[in-house]
Novice: 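First the structure, then my questions, so here it is.
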Amino acid sequence: MTEQAKYDPQTIEPQWQQRWDEDALYRAKVDWSKPKYYALTMLPYPSGDLHIGHWFAMTPSDARARFMRMRGYNVMFPMGFDAFGLPAENAAVQRGIHPATWTHANIERMRGQLRSMGAMFDWERSAVSCEPEYYRWTEWFFKQFYENGLAYRNEALVNWSPTLQTVLANEQVIDGKDERTGQPVIQKLLTQWFFRMTKYTDELLDYEGVDYPEPIKTMQTNWIGRSEGAKVIFHTEHGDNPIEIFTTRPDTLWGATFMVLAPEHALVDVITTKSQRQAVTDYVAEAASQTEIERSSDDREKTGVFTGAYAVNPVNGERIPIWIADYVMISYGSGAIMAVPAHDERDFAFARKYDLEIRPVIHPDDAGEDFCVNEAYAGAGKLIHSGRFDGTFSNGEKGRKNPAISAVLDWLKEQGYGEESVNTRLRDWLISRQRYWGAPIPIVYRRDGGAEAVPDDQLPVTLPEDVKMTGAGNPLAQSDAFVSATGSDGHPARRETDTMDTFMCSSWYWFRYLSPHDNQHAFDAEEAAYWLPVDTYTGGAEHATMHLLYARFFTRAMRDLGMFEEAQSIMSEHGRDPDVLNMGEPWLKLRNQGQILGEERQGDFIRASGRWEGATKLFADVVDVIDAREIGEMGEPDPLAMAQLIGGTPTAEDAQAGMIVGEIVKRTENLLTVDVGNGRLKTIEVIADAQVSIPTIPGVNTVNQLKHHLEIQRMSKSKGNVINPDDWVQNVGADTVRAYLMFGFDWSKGGPWDSKGIKGPRRWLDDVWELVVNRSADGAGDAATERQVEREVHQTILKVTNDLENFSFNTAIAAQMSLKNTVQAAVRDGKLSADGLREALRNMLLLMAPVVPHIAEELWSRMGFEYSIHQQAWAVYDAAKAAEDVTTLVVMKNGKPIDRIEVAIDISEDEAKQIALASDGAKRVLNGDAPKRVIFIAGRGAQNVEPKVNIVI
RNA sequence: GGGGGAGUGGCGGAAUUGGCAGACGCGCAUGACUUAGGAUCAUGUCUCUUACGAGGUGAGGGUUCGAGUCCCUCCUUCCCCA
C-alpha cells in the first residue's frame, strides 16, 4: 500500500473545494430548458464562529439540494447573513467595537468556515442584510407598505428602562429587570410603527397548496388564534361613555355581573371616582411592572381594583360595577370585557376573591340548584335569567354553531347593541425598534407634524458611523447629523430614529438572492420568473410562528402590491403557470431540523455526605463530583476503587454515618439517583446551600451549577460544552462530520453530540475507500453472490432515493452502510467478479455523492469516471434486479411468531396457510386441536414486509 | 399559563396503510494480529430461563386475530411565546 492510498480527507477536501470553485460547478443560472429547484436554508446570524448547529441545519439541506441536482433539476442553493440585530449592539456597548466592524469580521470568518463544509452554495448569490445595497430595499419595502396603507403608527406597550431611558427587547428583560444592569423595567405606551398583518388573518390560516409539517400549521393556527363572537357596546351609567367589549359567548350576556378594563384602557382615567383614584393609580403603576406573560398566567392570583364607576348592561339595563384587572390585556380585543363569573374560569376566580355576584345563566340539564358554586360552568344547557331567550339551548360551543349564540347575535344586531365580530390573538406586526443596528425607517416628520416617506432617489437612509454606543437611549436619536433632514416643504424636518425589526430583513431575503447586486430593483423579474417560488425551505422549528408568519404575510403583501406581475408575465411567455405566485406563499415545502445539544455527561461519580432519611434517601450538604475521565483511566469503574481515589470508603459504617460514593445514573433538579454498586440505587437530595465541588468548573460551586453540569444542555460558551466544527473537520474530515450529523440523529429532533459515535461514519468512509483503492476482485465470482449484491444495490438505490426525498437522512445512510457490508464480505470471500464489484461501487459512489461530496468525487475520479460526480445523473433503479425470489413465511400464534419457513415470493394464500399449519411450530402449539381461525397477511415485497399466517387458538 | 413536540436496549436511533420490535452505528464482551493500541479483523450483544420457553416499546386501561403505531386517563421531559 502506498502512502497515497490512505484516505486523507485533510488533503483531498480542500483540493476538491478549490476545483469546484474554479469550475464554478455550483453557479445557478437560469436555464429554461431545465426544471428548476430553489432549495433554501435559513441564513445564519453572524454571531462569531460557525457552530455545529449550523452544520446540522445546512449540510443535510445541502445533501438534499445535491440529490435534486443529480435527479436532473437546475438547483439554486444560496447562502447569506441576517446581519442586523442586538448582539452586535451589545458587543459595541461592552467592548467598544462598532457594530459594523464586529459584524463584518464575523461574516468574514464564518464565510471561510462555511467553505469547509463543501456545500454547493452559490456565493455569487450571497446577500448580507446590514449592507446598504441590501437594506436600501428593506427600506423601499417599508415605503411601499406605507404608501399602500399597510404601515401605520399607533401606541403600544414597550419594555422601558427608566434608568437607561431606552426601550428593551423582550429577551433583554428577565424577571421584570434589565438582564444587563438588573434595573427594573416598566411597561410604557409609546408611538410605534406597525404593519397591518391582521388584514391577512384569514389567508394566513389557509395552507392550501403548501406542504408544511402538521405541528407547524397547528402552532401558527393557534398563534393567530381566530375566535368568533360579538362586539357589544356597554355605556357608563350616565350614558356618557361607550365601552366596547368583545365576547365569544354573547349567549351569557345576561350573566355579566361586572366589567373589567385593562389597566391601560383609555377610559380608566376618565371614569375613576375620586375615592377610588389613589387605589386605581397605584394598581396601574403596579401592572406596568408586569410583563404580559406574567399577567396572563392562570395560576397566579387574580387582582384588581374597583374604579367606583358603573356601566349599564344593554341587554337587561342592569347597573354593574367597572373594575380594572391585569388579567385583561389592552392588546387583546378592545382591552375591556364583560365578566360572566358563572361561566368563565378567570371571571369566576376574580368574583370569588372580591365577593362579586355570580349569576348562572346556562343551566345544564342534569344539574341541581347548586352548580356554579365551586367552579365556572362552560358546558351545554338551557338559558335562564335571560329574558326573552330563557329556555334557548346553548350547546357550549363558540360561534354560529351554537344555536343560542346565533339567536343572540341576530337579536343584538336588530337592537343595535352590538354585532357579530371576529377577533384574533394575532396583532399587527410592531416593527419599530429604538436601536441603532437595524434598517432605518425611511420617514421624516415635517415642521407641521406630518410624516412623509423619504423619496426613492434618497434611499437608502444610511446609518451614521460616528455614534456613541453606551447602552443608554437610542444612539440614532443622539446623532444630530442623522436626525436633521429636510421635508418636501423645504423646511427642516426630523428624521424617524426607530429602526426596523430584524424579522423585516429576513422576510424577503430569498428574493434578494435572485439578484443580490441589482441596484435598480429589489429583485430581478427574469430571475424571479424562473426560480420562484422557493421549492424547499429548511430551518429550525423554533421559527414556527414568528419568522415564518411574517414571511408569509410579507409575500402576500408583495403580491397585492403587484410586485410579482412582471415575473408572472415572463413566466407565461415561457409557458409556465404564473398562478403559483398568486398564492402569496414564499415556499412550497417546509421542513424543520431539531437542535444539536452539548455532549452528554455520563458516568460521573459522586461522593456525598449528609443525613439519612429512611434507608435510601440522603440529604446531602457536601457533594463532590468526580470527572468521568479520571474514572476512565482507572479501567473498570468500581465503587471501592473509586472510594480510594477520592478518599472515602463506602463501608457499612460510612453508609451508616451518611456517606455515599457511586455513579450518578439520573438527575431531576436537585435529586440525584446514584448507583452505589451492583445496581443498588440510592437517592440524594442536595440541599440548597450544600458545599459543592465540580472539578471542571473552577471557583466556588453551588447546587445550581451541579444541576447544569449534569444536564444535557444547549451548547453555550459559558458551559464550556461548545462543539467546534473546525476541530472535527481537522480530526476526521468534513465528509465524516457531514455523514455523522445526517446519520446519528433524527434530523427533525436533534440530540446530544457524541464524540465517540462519529467513529461509525468515519469507518464507513474508510471501508469504502479501501474497497475502491486497495481491493480488487478477479475471477468470475460466485453467481448467487453476484446476484445478491446486484439485488441489494438496486434495493438500496430505491431506499436511498425515497429516504432523501423524505428528509430521512439517517436511514438513507444506514442503508448505504449495509450495502457496503455486503459488498465488503463478498470481496473478502472472493465471490465477486471485477465487473460485479465495479458496478456495485459505481452505484455506491453515486448514492454517497450528496452526503459526502469530497470522497465521492475523489473515488469517482480514481475509478476513472468522468468529472464531476456531482454532474452525473442519479443511480438508476431497476425493479427486476431488485426483486427477491424467496421470502420468509412467518407463522404466528395469536400474533406472536412461532416459526419461520422459506417460501416462494409469490406464494398464494392457500399454500401459505397449508405450509403454516404443517409447520413444526404450528403442530407444537396446536397439539392436535383445530385452530379457531387462520389469518393470512400478504407480503409487501417493496416494503420488506414478509407474508404471515396468524393462527388463532 | 398558553401552544407544540418527544418518551423504544448501556447510548444515538430504525420499524412507509396496525403485521417478525431493536435495522444501521456507538459502546461493551470474547478471540485474533501486534512491542504497543483510543488501530485493524472475526464473533457475540433486549431481559429472564440450564433448556424448552416466557416477557418486553414511560405507567395504567381499551379496541383488534394482531398495537411502538389507534382510543382514553396519568406521569416525565424538551422547545416556542411579537
Side-chain angles (χ1 to χ4, degrees), chain A residues 156 169-170 194 197 213-223 225 291-300 327 331 346 425-431 501 503 540-547 549-550 592 594-595 597 600 602-603 632 665 668 712 714 739-740 743-746 748-764 766 770 799 802-803 806 808 810-821 828 888-900 924 931-940 942-953:
Chain A
N170 283 337
F194 289 85
M197 188 160 165
E214 280 306 320
I216 301 287
K217 290 195 264 188
T218 312
M219 276 191 265
Q220 292 194 355
T221 302
N222 290 331
W223 182 266
T291 67
E292 210 162 280
I293 290 177
E294 288 165 353
R295 283 173 56 174
S296 56
S297 174
D298 266 0
D299 56 355
R300 162 171 183 276
Y327 75 93
S331 51
R346 294 184 305 172
R425 219 176 67 86
L426 180 79
R427 302 164 205 171
D428 279 339
W429 176 10
L430 194 170
I431 59 148
D501 180 6
F503 277 121
E542 66 273 19
H543 296 296
T545 44
M546 299 164 56
H547 163 57
L549 272 179
Y550 292 142
N592 304 111
Q595 197 171 34
L597 304 170
E600 196 158 2
Q602 266 197 318
V665 293
T668 313
I712 311 166
R714 267 202 226 205
Y740 171 61
F743 171 71
F745 307 85
D746 171 350
S748 63
K749 227 170 102 185
W753 174 267
D754 175 9
S755 50
K756 284 190 199 139
I758 197 168
K759 279 183 190 169
R762 174 61 196 249
R763 282 184 190 139
W764 170 46
D766 280 334
E770 192 67 12
K799 171 132 186 78
N802 289 338
D803 286 352
N806 296 322
S808 181
N810 52 353
T811 52
I813 295 173
Q816 295 187 60
M817 288 176 169
S818 281
L819 176 60
K820 181 270 296 176
N821 290 343
R828 187 189 58 214
T888 307
L889 176 69
V890 180
V891 185
M892 298 172 138
K893 180 192 87 171
N894 299 336
K896 291 276 178 190
I898 52 170
D899 213 338
R900 293 171 178 84
R924 183 167 48 75
K932 257 194 221 158
R933 228 175 125 183
V934 180
I935 296 156
F936 174 72
I937 303 111
R940 298 194 297 268
Q943 287 157 43
N944 269 334
V945 177
E946 281 77 12
K948 293 169 194 74
V949 172
N950 191 15
I951 300 169
V952 184
I953 295 174

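Naming convention: chains lettered A, B, ... in sequence-line order (proteins, then strands); numbering from 1 in each chain. Only heavy atoms go into these numbers, but all of them, side chains included; no hydrogens, no water, no symmetry mates.
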Novice: Going from CD on A:Q816 to NZ on A:K799, what distance comes out if it is rounded to the nearest 0.5 angstrom?
Specialist: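 Spacing of CD (A:Q816) from NZ (A:K799) equals 11.0 Å.
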
Novice: Assign A:G540 to base, sugar-phosphate, or nothing according to its heavy-atom contacts below 4.0 angstrom with the strands shown.
Specialist: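 No contact at all - A:G540 keeps every heavy atom at 4.0 Å or more from the nucleic acid.
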
Novice: Figure out the CD/C1' separation between A:Q220 and B:C80, and round it to whole Å.
Specialist: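 After rounding, the gap between these two atoms is 12 Å.
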
Novice: Have a look at A:N894 and say if it touches a base, only the backbone sugar-phosphate, or nothing, with a 4.0 Å heavy-atom cut-off.
Specialist: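 Sugar-phosphate only.
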
Novice: Could you check whether A:W764 and A:Y740 have their ring centres less than 6.0 Å apart?
Specialist: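 Not under 6.0 Å, so no.
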
Novice: To the side chain of A:W223, which of B:C81, B:G4, B:G66 is closest?
Specialist: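 Shortest atom-to-atom distance from the side chain points to B:C81.
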
Novice: Please report the distance separating the C1' of B:C41 from the corresponding atom of B:U77, rounded so that it comes out in whole Å.
Specialist: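 Each nucleotide's C1' atom is 42 Å from the other's.
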
Novice: In whole Å, what separates the C1' atom of B:A29 from that of B:G66?
Specialist: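 Their C1' atoms lie roughly 36 Å apart.
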
Novice: Where each residue is assigned the nucleotide of RNA chain B containing its nearest heavy atom, which of A:I935 and A:D428 is assigned the position nearer the 5′ end?
Specialist: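 This one resolves to A:I935.
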
Novice: If you check the A:R425 side chain, which of B:G38, B:A82, B:G12 turns out closest?
Specialist: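 My answer, after comparing the listed nucleotides, is B:A82.
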
Novice: Just to be sure I understand the rule, does A:N821 reach a base, reach only the sugar-phosphate, or reach nothing, if contact means heavy atoms closer than 4.0 Å?
Specialist: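 Sugar-phosphate, backbone atoms only, no base.
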
Novice: Which is true for A:R762 with a 4.0 Å heavy-atom rule: it touches a base, it touches only sugar-phosphate, or it touches nothing?
Specialist: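 Counting heavy atoms under 4.0 Å across all strands, no contact is made by A:R762.
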
Novice: Does A:S748 offer a backbone N or O that forms a donor-acceptor pair with the side chain of A:D746 under 3.5 Å?
Specialist: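 Yes, because the side chain of A:D746 sits within donor-acceptor range (under 3.5 Å) of the backbone of A:S748.
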
Novice: Looking only at atom P, what distance separates B:C74 and B:G3, rounded to whole Å?
Specialist: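 Straight-line distance between the two P atoms is 15 Å.
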
Novice: Is the base of B:G55 syn or anti, where syn means the angle lies within 90° of 0?
Specialist: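 This nucleotide is in anti.
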
Novice: So what does A:R763 hit on the nucleic acid, given a heavy-atom distance under 4.0 Å: a base, only sugar-phosphate, or nothing?
Specialist: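 Here A:R763 touches the backbone only, sparing every base.
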
Novice: Less than 3.5 Å between a donor and an acceptor, one on the side chain of A:R900 and one on the base of B:C20, is that the case here?
Specialist: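 Answer is yes: a donor-acceptor pair is held.
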
Novice: If you find the nucleotide of RNA chain B closest to A:M817 and the one closest to A:K799, which residue's nucleotide is nearer the 5' end?
Specialist: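 Result of the comparison: A:K799.
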
Novice: Between B:G12 and A:N810, is there an OP1 or OP2 to side-chain N/O distance shorter than 4.0 Å?
Specialist: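 Result: no.
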
Novice: Considering only side-chain heavy atoms of A:E946, which listed nucleotide, B:A42, B:A14, B:C20, is closest?
Specialist: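 Of the candidates, B:C20 comes closest.
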
Novice: Looking across every strand, which nucleic acid part, if any, lies under 4.0 Å from A:K932 by heavy atom: base, sugar-phosphate, or nothing?
Specialist: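 Result for A:K932 = nothing.
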
Novice: Quantified in whole Å, what is the P atom distance between nucleotide B:C11 and nucleotide B:U16?
Specialist: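 Between the two P atoms, the distance is 22 Å.
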
Novice: Taking the six-membered ring for Trp and the full ring for Phe, Tyr or His, determine whether the centres of A:F194 and A:W429 are under 6.0 Å apart.
Specialist: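 Not under 6.0 Å, so no.
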
Novice: Does the side chain of A:R425 come within less than 4.5 Å of A:W223's, by heavy atoms?
Specialist: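 Yes. Closest side-chain heavy atoms under 4.5 Å.
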
